[in-house]
Protein chains: 2
Amino acid sequence: MTAPQPDVGRLPEAVLRPATANVFETTVEQLATAIRLGVFVDGEQLPPERELSERLGVSRNTLRDAIAALRDSGLVTTRRGRGGGTVVTYVTPEPGSVATAVPVRRGAALADALDFRRIVEPGAAWLAARQELAGDQRAWLAESAAEVWATVDTPGHRIADSRFHLAVATLSGSPMVIESVTRAQAALGELLAAIPVLPRNITHSCEQHDAVVDAVLRGDAEAARAAMEEHCDATSALLRGLLG
Amino acid sequence: MTAPQPDVGRLPEAVLRPATANVFETTVEQLATAIRLGVFVDGEQLPPERELSERLGVSRNTLRDAIAALRDSGLVTTRRGRGGGTVVTYVTPEPGSVATAVPVRRGAALADALDFRRIVEPGAAWLAARQELAGDQRAWLAESAAEVWATVDTPGHRIADSRFHLAVATLSGSPMVIESVTRAQAALGELLAAIPVLPRNITHSCEQHDAVVDAVLRGDAEAARAAMEEHCDATSALLRGLLG
DNA sequence: GTCAAAGGGTCCGGGAACAGACCTTTGATG
DNA sequence: CATCAAAGGTCTGTTCCCGGACCCTTTGAC
């Protein structure tokens, strides 16, 4: 009576994932990611600790430990007293340290993240195009794309780029989608930062952003998705080329 | 000097999500979901506690508490001694309790889950079609679809259906995609179970499964995605109709 | 019939997280 | 200048969770 397992596509192995890392580390990671992706930009203040801890579903103690870790990494500084608080002090490091400094994600994880992004970002664009967007939302999207153009050749470019992608995701209106895009961006962030800034690539990338914006604002979901797919494929090709 | 916040699409609110629930509850939820989605079918044994706890990244104590909770809910039973273990005792409840017994997800959460699924499941099918599948994987996929046909009009139908979807996701080969599909299925599972079993709907649904399988086995990614999109749209329409 | 192996069942000490109260600093305001 | 409020900083008791050692039950193998 040897087990009658199909043994080929074992669902349990595929589905049961190791759930939780340590809460403290998770919090550090989440805040660091938010900063590196430009959710909070340089000079911006984080919300007060009590508020932030509640939003993150974490005790204030743990949050404070996490902030202390960020402080040690030089990502934020803290001032006490009224009007004090924790402000972001982060400027994108110079690219060019092409995937040497950063612990390169193992091949499988990289492919995973790229595949995931290729699915989820176009999906977000598609969904966003189907929403009825308010005037300020439309303006926000356009500004986000414009900001990417505006920061070409500045250190802020990387951040403007991820802010644009997060803006698209946000306008999809679906929390699960937003979270997915965030995770994809976070997983690739280090690597995207390593893409050499050839003017040709960047221009092309910005044009694709504009195509996405255009389609979303027109409410053309299929076009929005197609444009974002192209964009993902382009950066994906660059990255794969870079890393063999 | 009122704050110069755009205030429209505040990224922090969108991105910073409450991270962790309680480990114990997470574990219970994960196992219960796995069982309800048919990752473990009726009569099947769970892995030994020591092994399972390691895979879930949870202490054996906590895992045991979780299993005890499942036992209290009647989802599993446990026998001691060599050859003993915890076996699943779960048969899909009769549908027909249309979204009355189950705590109906709030409207927004429902829409979120449907949107997410509509993005992620077709994406999984698309990716799966691009993989080079081994012979046993191809067979597994076909069997999964066949099983759905075979269980029409039996209580096992619901489970066969989600097993099919999880199989597609698994064949995509991307852990992040697998996880996303699992979450989508879990979020909708209760509701999908409430869809009345009109023969016409079910037949149609199975035909769409077959279309997906066909396209995946042919390696036609676009067709696979399109087929899965149709499928998601169909069930989505049914659900929305059911709940106003 | 005996025994060893493979399971589940129990217990305990230590560390992580939490909740909440309280202290200190500092800018704004009357 | 005195006061206040809004922040960060500190402390404490409690709960949750982990890791690991150990016990109990059953069954297949010799």
Side-chain angles (χ1 to χ4, degrees), chain A residues 1-3 5 12 16-31 35 40 43-89, chain B residues 1-3 5 12 16-31 35 40 43-89:
Chain A
M1 195 198 284
T2 35
Q5 316 285 28
L16 296 183
R17 60 181 204 286
T20 45
N22 167 328
V23 177
F24 163 71
E25 286 170 18
T26 306
T27 307
V28 173
E29 194 50 45
Q30 201 172 347
L31 289 176
I35 291 173
F40 299 105
E44 188 173 352
Q45 257 196 25
L46 300 189
E49 293 179 352
R50 295 165 228 263
E51 187 184 325
L52 190 52
S53 71
E54 190 178 3
R55 179 170 312 162
L56 292 176
V58 138
S59 89
R60 197 173 147 227
N61 271 340
T62 305
L63 172 66
R64 282 178 51 70
D65 289 346
I67 290 180
L70 297 182
R71 197 162 37 228
D72 290 346
S73 313
L75 285 179
V76 300
T77 58
T78 301
R79 274 185 11 246
R80 347 184 8 171
R82 172 162 185 165
T86 300
V87 308
V88 175
T89 55
Chain B
M1 196 197 283
T2 35
Q5 316 285 30
L16 296 182
R17 61 178 202 285
T20 45
N22 174 323
V23 177
F24 163 71
E25 287 171 17
T26 305
T27 307
V28 173
E29 193 50 45
Q30 200 172 347
L31 288 177
I35 291 173
F40 300 105
E44 188 172 352
Q45 258 195 27
L46 300 189
E49 294 180 350
R50 297 167 227 261
E51 187 183 325
L52 189 53
S53 70
E54 189 178 2
R55 179 171 313 162
L56 291 176
V58 139
S59 89
R60 198 175 147 226
N61 270 334
T62 306
L63 172 65
R64 282 179 51 69
D65 289 346
I67 290 180
L70 297 182
R71 199 161 37 228
D72 290 345
S73 314
L75 287 179
V76 301
T77 58
T78 301
R79 273 184 12 244
R80 329 177 35 158
R82 175 167 180 167
T86 300
V87 306
V88 175
T89 55

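Quick note on labels: first sequence line is chain A, next is B, and so on, each numbered from 1. Keep in mind the model is a prediction, meaning the values are calculated, not measured.
Counting any heavy atom pair closer than 4.0 Å across all strands shown, Arg79(A) reaches sugar-phosphate atoms only and no base atom. Gly83(A) comes within 4.0 angstrom of no nucleic acid atom, judged by non-hydrogen atoms across all strands. Contact annotation for Arg60(A): base contact, defined as any heavy-atom pair under 4.0 Å involving a base atom.
Closest approach to the Arg64(A) side chain among dC24(D), dG20(C), dG8(D) is made by dG8(D) (side chain taken as heavy atoms from C-beta onward). Nearest nucleotide to the Thr86(A) side chain, out of dG8(D), dA17(C), dT12(D): dG8(D). When the nucleotides dC11(C), dA17(C), dG20(C) are ranked by their closest atom to the side chain of Asn61(A), dG20(C) comes out on top. Residue Thr78(A) has its side chain nearest to dG9(D) when only dA17(C), dG8(C), dG9(D) are considered. Nearest to the side-chain atoms of Arg50(B) among the listed nucleotides dC11(D), dG8(D), dG9(C) stands dG9(C). Of the candidates dC11(D), dT24(C), dC18(D), dC18(D) carries the atom nearest the Val58(B) side chain, counting heavy atoms from C-beta on. Listed candidates were dG8(D), dC17(D), dG27(C). Nearest to the side chain of Asn22(B) is dC17(D). Distance from the side chain of Glu49(B) is smallest for dG8(C) among the nucleotides dG8(C), dC17(D), dA7(D). Ranking dG9(D), dT25(D), dG28(D) by closeness to the Arg82(B) side chain, first place goes to dG28(D).
A close approach under 4.0 Å does not occur between any side-chain nitrogen or oxygen of Thr62(B) and OP1 or OP2 of dC16(D). At the phosphate of dC18(D), OP1 or OP2 sits under 4.0 Å from a side-chain N or O atom of Ser59(B).
In this structure, CD1 of Ile67(B) is placed 12 Å from C1' of dG7(C), rounded to the nearest angstrom. Taking atom CG of Leu63(B) as the reference point, atom P of dC16(D) lies 18 Å away to the nearest angstrom. Separating the CD atom of Gln45(A) from the C1' atom of dT26(C) is a distance of 13 Å, rounded to the nearest angstrom. Going from atom CG of Leu52(A) over to atom P of dC18(C) covers 13 Å, rounded to whole Å. Between the C1' atom of dC16(D) and the CZ atom of Phe24(B) lies a distance of 11 Å, rounded to the nearest Å.
A donor-acceptor pair is defined here as one N or O able to donate and one able to accept, closer than 3.5 Å; no such pair exists between the side chain of Ser53(A) and the backbone of Asn61(A).
In terms of heavy atoms, Val76(B) sits closest to Ile67(B) at CG2-O, 4.1 Å.
Considering Thr77(A), Thr86(A), Thr78(A) as possible partners of Arg71(A), the one that fulfils the side-chain hydrogen bond (donor to acceptor under 3.5 Å, both in side chains) test is Thr78(A).
The number of heavy-atom neighbours closer than 6.0 Å to CD of Glu54(B), taken from other residues, nucleotides and ligands shown, is 12 or below.
The shortest side-chain heavy-atom distance between Leu52(A) and Leu31(A) falls under the 4.5 Å cut-off.
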